Amino acid sequence: MDSHKTSTAGKPIRCKAAIVRTPGEPLVMEEIFVAPPNRYEVRIKIICTSLCYSDVTFWRLKEFPGIFPRILGHEAIGVVESVGEGVDKISEGDTVIPAFLADCEECSDCRSKKSNLCSKLPFKVSPGMPRDGTSRFTDLNGEVIHHFLSVSSFSEYTVVDIAHVTKVDPSVPPNRACLLSCGVSTGVGAAWRTAKVEAGSTVAIFGLGSIGLAVAEGARLCGATRIIGVDLNPTKFEIAKKFGVTDFVAAGECGNKSAGQVVMEMTDGGADYCFECIGSSSLVREAYECCRQGWGKTVVLGVDKPNAEITLSSFDVLHHGKILIGSLFGGLKAKSDIPVLLKRYTDKAKLSRRAVQTTKPAIARTLKQSFEKGHINARKDSTKQLQTLQSNSFPSAIVRVPGERLVIEEIMVAPPNRHEVRIRIICTSLCHSDVTFWKMKEFPAVFPTILGHEAIGVVESVGEDVDRVSEGDTVIPVFLADCEECSDCRSNKSNLCSNLPFKVSHGMPRDDTSRFTGLNGEVIHHFLSVSSFCEYTVVDIAHVTKVDPSAPPDVACLLSCGISTGVGAAWRTANVEAGSTVAIFGLGSIGLAVAEGARLCGATRIIGVDLNPEKLEISKKFGVTDFVGVGECGNKSVGQVINEMTDGGADYCFECVGSSSLVHEAYACCRKGWGKTVVLGVDKPEAQITLTHTDVLCNKKTLIGCLFGGLKPKSDIPILLKRYKDKELRLDEFITHEINFEEINKAFELLVEGKSLRCVIWMNR
């Protein structure tokens, strides 16, 4: 080895390489010159290399980023022949694995446990070396030969930046080790690091090529008990069994059903984790749709065309609590994780639970404990026995024509049926969702209806089988059910009740009939399982939370929807970390509540985005530190301004308006590597969220929607009330107006004109 180093170090090496000169045509074996390594580079003698589907994709690609002539190949193992200046952790003679993804070990991303996307040498399909963009390859005529994915292993010698090189044990079989340069690591890592597959879970894998099978292997090692493979080729099942696949869906043999529908039926509601391993935006959507509501994760691994787009229903994103995330190299850090995988191979052992599970940062645990320290146990209050009413008439505010004034009418409110309670409303508040459905002329809006879903009241009577709430109890009705019995309500991962799933129903949740009728017998429809714009209402027990009667009713009623949604989105859904940066699109009540939640979680920078510059002053009360006026950004988008303000994007972005285009904007200015974009705003039913496939795959950002902020009403509302009583949570500042029930139309006017945050409407003040 010493004489070899002496003869070639610092000089060009003449060697053989397989070159793509014309897309899609056979590679040409030629002799080329490989220049010596520059600063921070090493020249590697390739021992062996393997073919990845990405090589095939770029071999066929006729347009940019396809460029020719080029040396493909990016899965390999080799020996360092020589090193350039500034290289100190790798020496000549070391066995190394080059990887397409940089790991500089110095930047904030490489030092962080949350990201594997080096910010010093960000991933890009460059035709040259990462630091200067030039090539180290020329043919014998002096023509430049382009690099591929910072590796170019289809050559006897190649030059690789030190950030793309991992030193490994030379005793490992090279024909196995080279597989960890890309595909196998990507699949195993996606299950292990990105999805964090839990033991006992169900996994669905779309595409059983090498990456899909590697996902299965990773899921098996993590303890998944059911691994469903989906592929067009039914012969794949036999080989897939070797990697832990337990079930198979032949995509072309599902009759009139899609593969996703079959997976939904097989899993009774969807897989816990879905992996798209083909590179098809339509398959991403299919995987997303058959991912379990409440906690399911869809991980994008396949490489689609550069201009491909992923389109999702805005309604589905908001209401189903699913996560969409892309993963480059499986979320692995090459220098630390490749040796771990090689060790697991050589030990011929399964990844231990200790190896595959990650622990939340201590600071997050501390914050959670701090936030929840005020949790109060349910206690049996002495109840004030009220005379049980039969079907008597009570005043209500009814919407008969969309967009027109509400009509105060006397109606009949039936007694509660089984699992129901009848509530005398003390006060209610107006949420923007009420305004949305008040204006809506088409389904799911239906008339006549009684709107209102933010309220507090006293239980007047209870139906059969109601045992946790009694007559006289003070309660908050909530649009989202919490039955405390189903798998979702018992789980700490979901707040979406599977016994009584959320839907915009016009009747009671269990039988879809109404408890309201006009004095002439006309049926009056319910709204969001609450209908609080009535002196009395009937609510399912799963939608009722008992609270401390000493809580101020005007403040407590705010927690039925909007304020809880915003605070919970920061606290429960995003898990905002102390010291982080938050961007909030829309500074209405929900946006300000997000700011309040982020402030309580310890965010140090909270950026508010709104069309109205006057929102800055009031937003400061809730912790907003910076403001971006949407109409004052010159020729830049809001996302570009935030990216500049935050040096790369906010850690958390919240869309609180209900605009699919704003979701795209928020996603664009969310930090690569670990950023989360949380969707809170309600858009039109047919609205679509469109993201580029490349952005999803390559930027490792999380997209998630949340209903009610991810909160469980029965356990979390009492916590929030306790935080308010302890003067930690600000609620009073949200109340800008208070009126009597007879003036309810004024509340609509104030909110439509942008003059109020929350208007409290008192029944009998």
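Note that the structure is predicted; figures quoted are calculated from it, not measured.
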Margin query: Between Phe58 and Pro65, is there a side-chain heavy-atom distance shorter than 4.5 Å?
Written below: yes

Notebook entry, point to check: Pick one: which of Thr581, Thr646, Asp626 meets side chain to side chain donor-acceptor pair (under 3.5 Å) with Arg605?
Noted result: Asp626

Next item on the list: Would you check if Cys706 and Leu680 make a side-chain contact, meaning some heavy-atom pair closer than 4.5 Å?
Entry: yes

Check: Which heavy-atom pair separates Trp295 from Ser494 by the least distance, and what is that distance?
Finding: CE3-CB, 3.4 Å

Check: Are the side chain of Asp304 and the backbone N or O of Ser281 linked by a donor-acceptor pair below 3.5 Å?
Finding: yes

Checklist line | Sole residue of Glu733, Glu454, His737 in side-chain contact (heavy atoms from CB on, under 4.5 Å) with Arg758 | finding: Glu454

Note to self: Ring-plane angle category for Phe137 and His147, please: parallel below 30°, perpendicular beyond 60°, tilted otherwise.
What the structure shows: parallel

Notebook entry, point to check: Quick one: are Asp716 and Trp571 in side-chain contact, heavy atoms under 4.5 Å?
Noted result: yes

Notebook entry, point to check: Would Cys431 and His453 count as a side chain to side chain contact (heavy atoms under 4.5 Å, CB included) if you check the C-alpha gap in whole Å, the side-chain angles of each, and the deciding distance to 0.1 Å?
Noted result: CA-CA 8 Å; Cys431 172; His453 61 287; 3.5 Å; yes

Notebook entry, point to check: If you measure from CG on Leu751 to OG on Ser429, what distance do you get to the nearest 0.5 Å?
Noted result: 10.5 Å

Notebook entry, point to check: Where is the tightest heavy-atom contact between Gly673 and Ser115, given as atom of each residue plus distance?
Noted result: CA-OG, 3.3 Å

Checklist line | Asp683 side-chain N/O to Ser660 backbone N/O, donor-acceptor pair under 3.5 Å | finding: yes

Next item on the list: Enter the distance from Ser564:OG to Ile590:CD1 here, rounded to the nearest 0.5 Å.
Entry: 10.5 Å

Check: Considering all heavy atoms of both residues, which atom of Val582 and which atom of Ala598 are nearest to each other, and what is their separation?
Finding: CG2-CB, 4.1 Å

Check: How far does NE2 of His320 sit from CZ of Phe315, to the nearest 0.5 angstrom?
Finding: 6.0 Å

Checklist line | Closest contact, heavy atoms only, Phe275 versus Ala190 | finding: CE2-O, 3.6 Å

Margin query: Could you check whether atom CD of Glu686 has more than 12 heavy atoms from other residues, nucleotides or ligands sitting under 6.0 Å from it?
Written below: yes

Next item on the list: Check for a donor-acceptor pair, side chain of Thr736 on one end and backbone N or O of Leu757 on the other, with a separation under 3.5 Å.
Entry: yes

Notebook entry, point to check: Less than 4.5 Å apart, any side-chain heavy atom of Thr677 and any of Glu655?
Noted result: no

Notebook entry, point to check: How about Leu592 and Phe734: do any of their side-chain heavy atoms sit closer than 4.5 Å?
Noted result: yes

Next item on the list: Can you spot which of Val299, Leu703, Thr702 makes a side-chain contact (heavy atoms from CB on, under 4.5 Å) with Ile323?
Entry: Thr702

Checklist line | Step-by-step side chain to side chain contact (heavy atoms under 4.5 Å, CB included) determination, Phe654 to Val576 | finding: CA-CA 11 Å; Phe654 298 84; Val576 169; 4.1 Å; yes

Next item on the list: Could you please spell out the steps behind the side chain to side chain contact (heavy atoms under 4.5 Å, CB included) verdict for Leu587 and Phe622?
Entry: CA-CA 10 Å; Leu587 294 178; Phe622 301 98; over 6 Å; no

Margin query: Has Lys636 got a side-chain atom pairing as donor or acceptor with Val641's backbone, closer than 3.5 angstrom?
Written below: no

Check: Distance from Leu496 atom CG to Phe708 atom CZ, nearest 0.5 Å?
Finding: 12.0 Å

Note to self: Please report the interatomic distance SG(Cys118) to CG(Asp161), rounded to the nearest 0.5 Å.
What the structure shows: 9.0 Å

Note to self: Quick check against the 3.5 Å criterion: does Glu596 have a side-chain atom that pairs as donor or acceptor with the backbone of Arg730?
What the structure shows: yes

Notebook entry, point to check: Can you tell me if Thr194 uses its side chain to pair, donor with acceptor, with the backbone of Gly330 under 3.5 Å?
Noted result: yes

Next item on the list: Would you check if the side chain of Arg285 reaches a backbone N or O of Thr311 as a donor-acceptor pair within less than 3.5 Å?
Entry: yes

Notebook entry, point to check: For residues 671-703, which residue pairs qualify under ring-ring contact (aromatic ring centres under 6.0 Å, His included), counting only residues two or more places apart or in two chains?
Noted result: none

Check: Just wondering, are more than 12 heavy atoms of other shown residues or ligands nearer than 6.0 Å to NZ in Lys746?
Finding: no

Margin query: What I'd like to find out is whether the side chain of Phe585 reaches to under 4.5 Å of the side chain of Cys669, using heavy atoms alone.
Written below: yes

Note to self: I'd like to know if the side chain of Lys676 and the backbone of Ala574 have a donor-acceptor N/O pair within less than 3.5 Å.
What the structure shows: yes

Notebook entry, point to check: Is any side-chain heavy atom of Arg136 less than 4.5 Å from a side-chain heavy atom of Asn38?
Noted result: yes

Next item on the list: Check the surroundings of atom NZ in Lys672: do more than 12 heavy atoms from other residues, nucleotides or ligands lie under 6.0 Å from it?
Entry: no

Checklist line | Crowding at CD, Glu753 (>12 non-hydrogen neighbours, <6.0 Å) | finding: yes

Note to self: Please give me the minimum heavy-atom distance between Ala747 and Cys759, naming the atom from each residue.
What the structure shows: CB-SG, 3.7 Å

Margin query: Which heavy atom of Arg70 sits nearest to which heavy atom of Val125, and what is that distance?
Written below: NH2-CG1, 3.9 Å

Note to self: As an exercise, state the distance from NE2 of His319 to OG of Ser313, rounded to the nearest 0.5 Å.
What the structure shows: 9.0 Å

Notebook entry, point to check: For Phe627, is the NZ or CZ atom of Lys615 found under 6.0 angstrom from the centre of its six-membered ring and inside 45 degrees of the ring axis?
Noted result: no

Checklist line | Glu614 atom CD: more than 12 heavy-atom contacts under 6.0 Å | finding: no

Note to self: If you apply the rule side chain to side chain contact (heavy atoms under 4.5 Å, CB included), what do you find for Trp438 with Leu406, and how did you get there?
What the structure shows: CA-CA 9 Å; Trp438 168 62; Leu406 280 66; 3.7 Å; yes

Margin query: Contact between Asn116 and Lys700 at the side-chain level, heavy atoms closer than 4.5 Å - yes or no?
Written below: yes

Next item on the list: Output yes when a side-chain donor or acceptor of Glu276 lies under 3.5 Å from a complementary backbone atom of Gly279, and no otherwise.
Entry: yes

Notebook entry, point to check: Just one of Lys333, Arg671, Lys120, Lys114 clears the side-chain contact (heavy atoms from CB on, under 4.5 Å) bar with Asp109, so which one?
Noted result: Arg671

Next item on the list: Decide whether Ser659 and Ser661 meet the rule of one side-chain donor and one side-chain acceptor closer than 3.5 Å.
Entry: yes

Margin query: Taking Cys670's backbone N and O only, do any of them form a donor-acceptor pair with Lys701's side chain (distance below 3.5 Å, no angle check)?
Written below: yes

Checklist line | Between Tyr652 and Asn575: side-chain donor-acceptor atoms closer than 3.5 Å | finding: no

